[in-house]
Amino acid sequence: MFRVLRSDWLTQGPTVPKFERRIAELLGSKEVVAVSNATSGLHLSCLALGVSSKDIVWSTAVSFVASANCARYCGAKVDFVDIDPATHNMCAKALQEKLESVKSVVDLPKVVVVVHMAGYPADLLEINQLSRRYGFKVLEDASHAFGSFYRGERVGNCRYSDLTVFSFHPVKSITTAEGGAICTNDPELANRLRSLRSHGINRSAGSSNTRGGDWYYQQEVLGFNYRMSDVHAAIGISQVNRIDKFVKRRKKIAEIYNEGLTSLPISLPVESPDRSSSWHLYIVRLNDRFSAEHHVQIFNKLRACNIGVALHYIPIFLHPFHLNEMARDSCPNSMNYYHSAISLPIFPSLAKFDQDTVIACMNDVIQD
Ligand SMILES: *Cc1c(COP(=O)(O)O)cnc(C)c1O
């Protein structure tokens with residue numbers, strides 16, 4: 001870290017590729033492109049996959065708005081597939097039905113953005129099979145899922161997708177202060193991402209470098225300044241090595257919640273032997289007998305007790321910018337989620353004493 005601060009390379013220098021290689025080795029993807037944050041990573045991913053104003057991109061509404069904004073930056077339309085009520089991830093069956101209902105090829109999605117909610121991996125295998133049948137690209141928004149496993153392998157190896165984007169924002173499982181990374185096994189996509197990350201400028205410029213010399217550069221496409229700095233990458237390298245320790249700590253917190261909340265009329269996060277969560281979030285759902293009003297009351301009571309409960313997330317199609325009543329009506333599970341979900345505090349430094357207080361308040365406030 002201090003070596004980096006003393007070096008000539010405060011902006012993108014030799015530490016960024018080192019960080020990229022470290023992530024590639026850990027996750028098992030061929031290429032990694034570090035970026036300024038996950039939002040810019042999702043934007044570049046859509047551009048690299050060729051998303052334009054002629055296209056439509058599908059995602060789930062129970063996500064951070066960035067999962068949809070990436071398509072809107074490219075001028076594309078966005079539509080939403082309903083979630084699985086147990087996992088809060090895209091329901092592969094709902095995706096299949098929506099694909100089957102599409103009347104004309106032009107209305108098929110160019111890209112499907114698959115979010116691993118709370119770090120619990122989505123049904124990548126099934127979604128990958130559908131992508132082959134219908135010809136769409138799969139972009140994983142794995143902002144929550146650094147440290148998650150799917151079918152015995154780390155999320156980010158891109159076995160079932162074209163690109164996977166991670167966030168290294170301070171609330172996520174590892175951090176670089178601000179930062180993100182895109183994984184892929186396609187070297188051509190990686191080259192496109194690297195060019196777009198840095199203004200669309202090519203410094204080698206191949207055969208068109210008629211002027212010779214290493215001072216030569218040319219802009220080939222409209223790119224951005226979405227680079228990660230060496231300072232951020234140095235923080236990232238020390239964080240990557242600790243990921244499994246961080247996840248273990250979060251898992252322990254989740255187990256204590258599972259135990260302490262077991263008698264309440266709520267559903268707890270699901271688990272499955274073929275995948276494991278990074279436990280970015282711990283989300284419970286009030287069961288059917290609670291109304292939307294009850295949900296708000298319980299939420300406010302918990303916040304009045306100083307418990308940092310949150311709602312991840314308000315469905316994207318309800319936000320004024322994205323307002324889409326047709327999508328809302330076709331996603332009843334997403335709407336139910338909105339009226340029943342509560343995220344409880346979970347982070348590695350959460351003290352046992354504080355967690356006990358959360359559990360006591362939950363038991364107090366959600367009386368059967
Ligand atoms: C945090 C988050 C993002 C954006 O991450 P940044 O690195 O802050 O840009 C995108 N998608 C989801 C699902 C997130 O949780």
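Atoms within each ligand, like the ligands themselves, are counted from 1 in listed order. Positions are given from 1 along the sequence.
Contact annotation: Gly180 has no heavy atom less than 4.0 Å from any atom of ligand 1.
Aromatic rings of Phe146 and Phe168 (six-membered ring for Trp) have centroids within the 6.0 Å cut-off, being under it. For His295 and Phe299, the distance between ring centers is under 6.0 angstrom.
Protein heavy atom in closest approach to atom 11 (N) of ligand 1: Asp141 OD2, 2.8 Å. Of the protein's heavy atoms, His144 NE2, 2.7 Å lies nearest to atom 15 (O) of ligand 1. Closest to atom 9 (O) of ligand 1 among all protein heavy atoms lies Thr39 OG1, 2.5 Å. The protein heavy atom nearest to atom 3 (C) of ligand 1 is Ser143 OG, 3.5 Å.
Of all the atoms in ligand 1, the ones that sit under 4.0 Å from a non-hydrogen atom of Ser167 are 5 (O), 6 (P), 7 (O). Atoms of ligand 1 lying under 4.0 Å from any heavy atom of Ser63, numbered from 1 in the order shown and given with element: 13 (C). Within ligand 1, the atoms closer than 4.0 Å to a non-hydrogen atom of Ala66 are 10 (C), numbered from 1 in the order shown. Within ligand 1, the atoms closer than 4.0 Å to a non-hydrogen atom of Tyr313 are 15 (O), numbered from 1 in the order shown. Per-residue contacts place Gly179 under 4.0 angstrom from the following atoms of ligand 1 (heavy atoms of the residue considered): 7 (O).
Side chain of Asp141 to backbone of Val113: no donor-acceptor contact under 3.5 angstrom is found.
Residues Lys98 and Asp79 are paired through a salt bridge, judged by an N-O separation under 4.0 Å between the basic side chain and the carboxylate.
When each of Ser36, Ser40, Ser198 is tested with Arg227 by the rule side chain to side chain donor-acceptor pair (under 3.5 Å), just one qualifies, namely Ser198. Among Arg250, Lys251, Arg154, Arg249, the single residue meeting the salt bridge (charged side-chain N to carboxylate O under 4.0 Å, His left out) criterion with Asp244 is Arg154.
The shortest N or O to N or O distance between Glu178 and ligand 1 is not below 3.5 Å. Polar contact with ligand 1: absent for His169 (N/O pair, distance under 3.5 Å).
The proximity of Lys172 to ligand 1, defined as any non-hydrogen pair under 4.0 Å, is limited to the side chain. Of all the heavy atoms of Ala38, the ones lying under 4.0 Å from any atom of ligand 1 are found in both the backbone and the side chain. No part of Phe166 comes within 4.0 Å of ligand 1, judged by heavy-atom distances. Contacts of Asn37 with ligand 1, taken as heavy-atom pairs under 4.0 Å, involve both backbone and side chain.
The aromatic rings of Tyr150 and Tyr160 sit perpendicular, their planes meeting at an angle over 60°, well past the 30° parallel limit. Phe317 and Phe80 have perpendicular rings, their planes meeting at more than 60° on a 0 to 90° scale where under 30° would count as parallel. Classified by interplanar angle (parallel below 30°, tilted 30° to 60°, perpendicular above 60°), the ring pair Phe224/Tyr226 is parallel.
No more than 12 heavy atoms of other residues, nucleotides or ligands sit less than 6.0 Å from atom CG of Asp288.
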